[in-house]
> 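Handing you a structure now.
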Amino acid sequence: MIESEKSNRMLEIFFRALHGEAISSKALAQEYQVSTKSIGRDISRIQNFLAENRSLMQNAELTYSHKEKAYCLTSDEFLKNKELFALVEVILGCRCFQKEDALNLITKLKRFTTVQDRKRLEKLIQKEVYHYHEVRSDCAAVIDTLWKLIRAIDQKRLVTITYYKMNREEVKRKIRPASVMFSEYYFYLIAYPAEDAVCEARYFRVDRITSMTEHREQFHLEQEYDFDEGDLREKNQFMFPGKTEKIRFSFSGPSVQAILDRLPTAKIVEKDGALCIIEAEINHGRGILMYLLSQGSWVKVISPPSLVQEMQEELQKMQQNYSERL
């Protein structure tokens, strides 16, 4: 019975160390009503276990911290507090998860911090968590739907989705799922129609999928239709499809770096004072038009002529909106 109690106590201490708690021999001796020597032996056994199983435990060590005046578990593989804070900020900033799911993810991540750092982290993010507003979603749980889609992609199974289009029309589509990616607050499914021999990719917002049926039937895609998510991320804006082409425009705004960051393929080809001439290879769809218009008078499209014309027509429509009586 006594040996069982000792083993249970040691396992509890190890578990608490894994969850970021500082292990104080004096405090634990009082808590478990044993001597500090007994706690010291437990700590030694944990240290020996970690030393003998370095590969299994990812080089974790239980070392004494003079600052904390306690033993702390450290590992190169553990998330550092600065890394954890960055991840939490991304989760809150993207707003793509239902609030319950976002809080659940953050709670799990916080377990990798010490008790003191956990309190600091909670203080830093408490206002953001309180004011967190998820994007509106038609599906019951974005995370669950994502995992079902990933499984269908991996197994190359046909699926039928019930989906709300942009105009809120509900449709059913039988598709060959190819990839999932994230952009601008939303997860997107890239898929090919099941019966389309041309294999033209379609984009579906995951949060608009209300139901999904996985079929036993599998599909095969030729290598030429393998989807390149990196290429799409480089050239696409707001997930609007379009043909790849080179555009050229001038920019006179205060931060050309913001343009270069937004358009990964962009490069400055000429510069005259504050005016920069920029070229970029993009997917010519509605998305690039929306982005360039968002820069206001700082941007002037030079080529191709088709994009120049689209900008002129859109600006005329905008001007007409403000010319008409309300």
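Side-chain atoms are counted along with the backbone in the values below, which use heavy atoms only and exclude waters and symmetry mates. Just so you know, residue 1 is the first one in the sequence shown, and it goes up from there.
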> Would you check if Arg41 and Met10 make a side-chain contact, meaning some heavy-atom pair closer than 4.5 Å?
no

> Should the pair Phe97 and Phe187 be assigned to parallel (<30°), tilted (30 to 60°) or perpendicular (>60°) ring geometry?
tilted

> Run Asp42 and Lys37 through salt bridge (charged side-chain N to carboxylate O under 4.0 Å, His left out) and show every step you take.
CA-CA 9 Å; Asp42 291 338; Lys37 287 185 178 180; over 6 Å; no

> Do the side chains of Glu170 and Thr210 get nearer than 4.5 Å, heavy atoms only?
yes

> I'd like to know whether Asn104 forms a side chain to side chain donor-acceptor pair (under 3.5 Å) with Glu100, so could you lay out the CA-CA distance, the side-chain angles of the two residues, the decisive distance to 0.1 Å, and finally the verdict.
CA-CA 6 Å; Asn104 187 37; Glu100 184 179 349; over 6 Å; no

> With rounding to the nearest 0.5 Å, note down the distance linking CG in Leu315 to CD in Gln320.
13.0 Å

> Please check if the number of heavy atoms outside Gln257 that lie under 6.0 Å from its CD is greater than 12.
yes

> Take Arg286 and Glu314 through the salt bridge (charged side-chain N to carboxylate O under 4.0 Å, His left out) test and state the conclusion after the steps.
CA-CA 11 Å; Arg286 179 73 182 176; Glu314 196 70 23; 3.1 Å; yes

> State whether Tyr186 and Arg205 meet the cation-pi test: NZ (Lys) or CZ (Arg) under 6.0 Å from the six-membered ring centroid, and within 45° of the perpendicular axis.
yes

> Apply side chain to side chain donor-acceptor pair (under 3.5 Å) to residues Ser35 and Ser38 and explain how you reach the verdict.
CA-CA 5 Å; Ser35 67; Ser38 294; 3.1 Å; yes

> Could you check whether Arg95 makes a cation-pi contact with Tyr132, meaning its NZ or CZ is under 6.0 Å from the centre of the six-membered ring and within 45° of the ring axis?
no

> Could you tell me whether Tyr185 atom OH has more than 12 heavy atoms of other residues or ligands within 6.0 Å of it?
no

> Any idea which heavy atoms bring Ala194 and Leu158 closest together, and the distance?
CB-CD2, 4.0 Å

> One pair to check against side chain to side chain donor-acceptor pair (under 3.5 Å): Asn283 and Thr244. What are the steps and the verdict?
CA-CA 4 Å; Asn283 288 347; Thr244 301; 3.0 Å; yes

> Once rounded to the nearest 0.5 Å, what's the spacing between atom CG of Asn8 and atom CZ of Phe15?
13.5 Å

> Between Arg248 and Glu279, is the closest basic N to carboxylate O distance under 4.0 Å?
yes

> Among Leu50, Ile43, Leu62, Ile23, which residue meets the side chain to side chain contact (heavy atoms under 4.5 Å, CB included) test with Phe14?
Leu50

> Show the nearest heavy-atom pair for residues Gln98 and Ser137, with the distance to one decimal.
NE2-OG, 4.0 Å

> Decide yes or no on salt bridge (charged side-chain N to carboxylate O under 4.0 Å, His left out) for Glu200 and Lys243, but give the supporting numbers first.
CA-CA 12 Å; Glu200 186 176 349; Lys243 291 183 179 180; over 6 Å; no

> If you count the non-hydrogen atoms of other residues, nucleotides and ligands that lie under 6.0 Å from CD in Gln309, is the total more than 12?
no

> Using a strict 4.0 Å threshold on nitrogen-to-oxygen distance, state whether Lys156 and Glu217 make a salt bridge.
no

> Quick check on the 6.0 Å ring-centre criterion: do Tyr188 and Tyr203 meet it?
no

> Just checking, Arg208 and Tyr164: is the charged tip under 6.0 Å from the six-membered ring centre and within 45° of the axis?
no

> Start with the C-alpha distance between Glu31 and Lys26, add both sets of side-chain angles, then the distance that settles salt bridge (charged side-chain N to carboxylate O under 4.0 Å, His left out), and finish with yes or no.
CA-CA 9 Å; Glu31 181 179 336; Lys26 186 176 180 180; over 6 Å; no

> Could you grab the distance from atom CD1 of Ile278 to atom CZ of Phe251, nearest 0.5 Å is fine?
6.5 Å

> Do Ile268 and Ile277 have side-chain heavy atoms sitting under 4.5 Å apart?
no

> Gln47 vs Tyr71, test: side chain to side chain donor-acceptor pair (under 3.5 Å). Steps then yes/no.
CA-CA 10 Å; Gln47 288 173 324; Tyr71 290 88; 5.2 Å; no

> So, for Lys165 and Val171, which heavy atoms are closest and what is the spacing to 0.1 Å?
CD-CG1, 3.6 Å

> Can Glu195 and Arg173 be counted as an ion pair, charged N to O under 4.0 angstrom?
no

> Counting C-beta onward and ignoring hydrogens, is there a side-chain heavy-atom pair between Leu149 and Ile209 closer than 4.5 Å?
yes

